[in-house]
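In what follows, every heavy atom counts, from backbone to side chain, and hydrogens, waters and symmetry copies are set aside. Below, read A as the first sequence line, B as the second, and so on, with proteins coming before strands; counting in each chain starts at 1.
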There are 2 protein chains.
Amino acid sequence: MSEVIVRPEKLQEFAAAALQEVGVKESEARIAAEIIVTADMRGTASHGIVALRTYVKQILCGGVDPDVDIEIVNEGPAWTLVDGHAGLGTLTAYKAAILAVNKARQSGVGVIGVRNGNHFAAAGYYSLMMTKENMIGIAMSNAAITLAVTGAAGRVIGNNPFSFATPAGEERPILLDIGMSVAAGGKINLARDEGRSIPLGWLIDSLGNPTTDPGDFARGGAMLPFGGHKGYGLALMIETLASVLTGAAITKDIGYWYKDVSEPCNVGSMFIAIDVGMFMPIDEYKTRMDHLIRLIRSAPRAPDVERIYLPGEIEQEKEDHARAEGVSVSDITIDSLRELASDLGLLEEFGRIVKLGGDDT
Amino acid sequence: MSEVIVRPEKLQEFAAAALQEVGVKESEARIAAEIIVTADMRGTASHGIVALRTYVKQILCGGVDPDVDIEIVNEGPAWTLVDGHAGLGTLTAYKAAILAVNKARQSGVGVIGVRNGNHFAAAGYYSLMMTKENMIGIAMSNAAITLAVTGAAGRVIGNNPFSFATPAGEERPILLDIGMSVAAGGKINLARDEGRSIPLGWLIDSLGNPTTDPGDFARGGAMLPFGGHKGYGLALMIETLASVLTGAAITKDIGYWYKDVSEPCNVGSMFIAIDVGMFMPIDEYKTRMDHLIRLIRSAPRAPDVERIYLPGEIEQEKEDHARAEGVSVSDITIDSLRELASDLGLLEEFGRIVKLGGDDT
């Protein structure tokens, strides 16, 4: 698969223009565009600009309302229940993360539950957002079913995303951003597209048999949870917090966002902020966090290992690199953006993405 | 390894008597005894009565203060920072779980951080406690280092325990109670004692090489985190919440509770309660939880699988069985309790454990 390098700002501008074209307010389109392009910069293209065309389709077909605000259904000193009213998932999540920070500033902790949400791209964006306010940030969501549980033959639960981030001092924040499967669905589909087999333990076929054929996923197979019953249990914990508790759809009642574009998916999510400065002076916390980070980084290394990474460190370095040198986007994605541009009458805006040059920024 | 079946109440009475003998108040000794014997009943003997002798040793040698209360260092509407003052870990955790429930009843959410704690046996006990108050309960703790992280050759972080529990309606509560290693340390040591090798992927030796020799664990080897970087990241999340944020000892500064008995271990822990009834009527939540449980239980089963279990279901059935028919304790543990009884002058009390009979309860 070949790739082109483009300026992230240009990619963002195009994404924002496309979203505005289908009815998203300018200020909000810019936020949504930043969230998805950040995923591309961090090397998680599956949650990046590739989703733009589907988001637009969801808006055009009625699955997503482009111009709706969140509603606070109920709240208390440390929590809020939010109805996303089928707005763009990234915007609902962004607003919920801000609510979490505000509650935490008041009460030390903020727990925000969201119903009627939609696909929110990378969970980690919202956790990392909260660290900028000196908060520990947690974000999670349920998702359409793609994962088996221990002993099951088919799809039972979503590959529910979970992220945790903490501020640090001289060190960069730590960001854990994971799904509950052994290997991401995007990795399995890529293996299929490239004609490779996958390791045993990633996937079962539609009858529940272990398989190395990545094509079995699209034929109704199910991904396996990481760590067996442990990953299964964590997926269930997320389903409980993000969905059972918020009133969102549960497992099989959630639509596949990339397929069921004309119906709201009613995804559930939860955002938790903890105000570090309540527990101890923020500088003391940051010094302690730096200490932990350095203990891990300087641990003796296994044979042939050059460096021990902290969670999120590889992605942060990719982001730094992409901001300086441009972000890499696959040809296939570029083609799909060109088609989108053509559909929306934005070919001029599209042209600005790919005309890369030092004097063009 | 052979086992004897004893009445759990008798085991609890003996444990309580032993703790009282070394200075724990009667009411508190009963609570601690119930916590540890519950672990035996649930089939997790490694966190059960086998620990009693070490707890007593910690008290006698000064690592644990048998008669101290927790101190509230600081608090807000939805959180409390607690100093455990090196009291018995089970009692500190029990009290912190009650504080979490009380805060959640006030503010919807209660986050309790604990410093100067000690080994608290099974995390799940405290989560399950909170479900009895119609709360979602989370408990976690750091621990002395036994786990490698991705790329490391040695022990870098603890096999930090984490538990999550939720109430249900007609169904039993769900309880996820996990450590961050692929396989528990107790399982590795048991393989060593029985002369069996272990699968590749559980352990690395002290140089960081993969090993199938369980004896490498005691020779400075390290367990591997489940799911590779995912389990590593979760262990780090727990270390951050339980310890960096609370002021407890961090990774290598935590003593091995079963070895460093004369010094307080300064374990950190965190307890989170969410008052379900704030988010929706409790009956609605319970109906939704039952629905999710039944969806999972009735999923198509993989070949040769007879039944799909929910997290904690196997352990709950073991507990039910143990309450009715008696709890199974290994000969080795019984011998160690006899020695303890002899040391403390409690041989008469010890005799009541093993004299099992229908008319003796």
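Rounded to the nearest 0.5 angstrom, R288(B) CZ and T246(A) OG1 are separated by 6.5 Å. Here the CD1 atom belonging to I250(B) is positioned 10.0 Å from the CD1 atom belonging to I296(A), to the nearest 0.5 angstrom.
Interface residue V244(A): backbone and side-chain heavy atoms are both found under 4.5 Å from chain B. When heavy atoms are compared at a cutoff of 4.5 Å, V182(A) approaches chain B solely by way of its backbone atoms N, CA, C and O. With a 4.5 Å cut-off on non-hydrogen atoms, I174(A) touches chain B through its side chain but not through its backbone. At a 4.5 Å heavy-atom cutoff, the contact between F164(B) and chain A is made by side-chain atoms alone. Interface remark: V276(B) contributes backbone and side-chain atoms alike to the contact with chain A (heavy atom separation under 4.5 Å). For a residue to count as touching a neighbouring chain, one of its non-hydrogen atoms must lie under 4.5 Å from one of that chain's; by this rule F162(B) touches chain A with the side chain only. Only the side chain of I274(B) comes within less than 4.5 Å of a heavy atom of chain A; its backbone N, CA, C and O stay farther away. Only the side chain of I136(B) comes within contact range of chain A, judged by heavy atoms closer than 4.5 Å.
Closest approach of F226(A) to F226(B), counting heavy atoms only: CE1-CE1, 3.1 Å.
Among I178(B), L234(B), L176(B), the one residue that satisfies the side chain to side chain contact (heavy atoms under 4.5 Å, CB included) test with K230(A) is I178(B).
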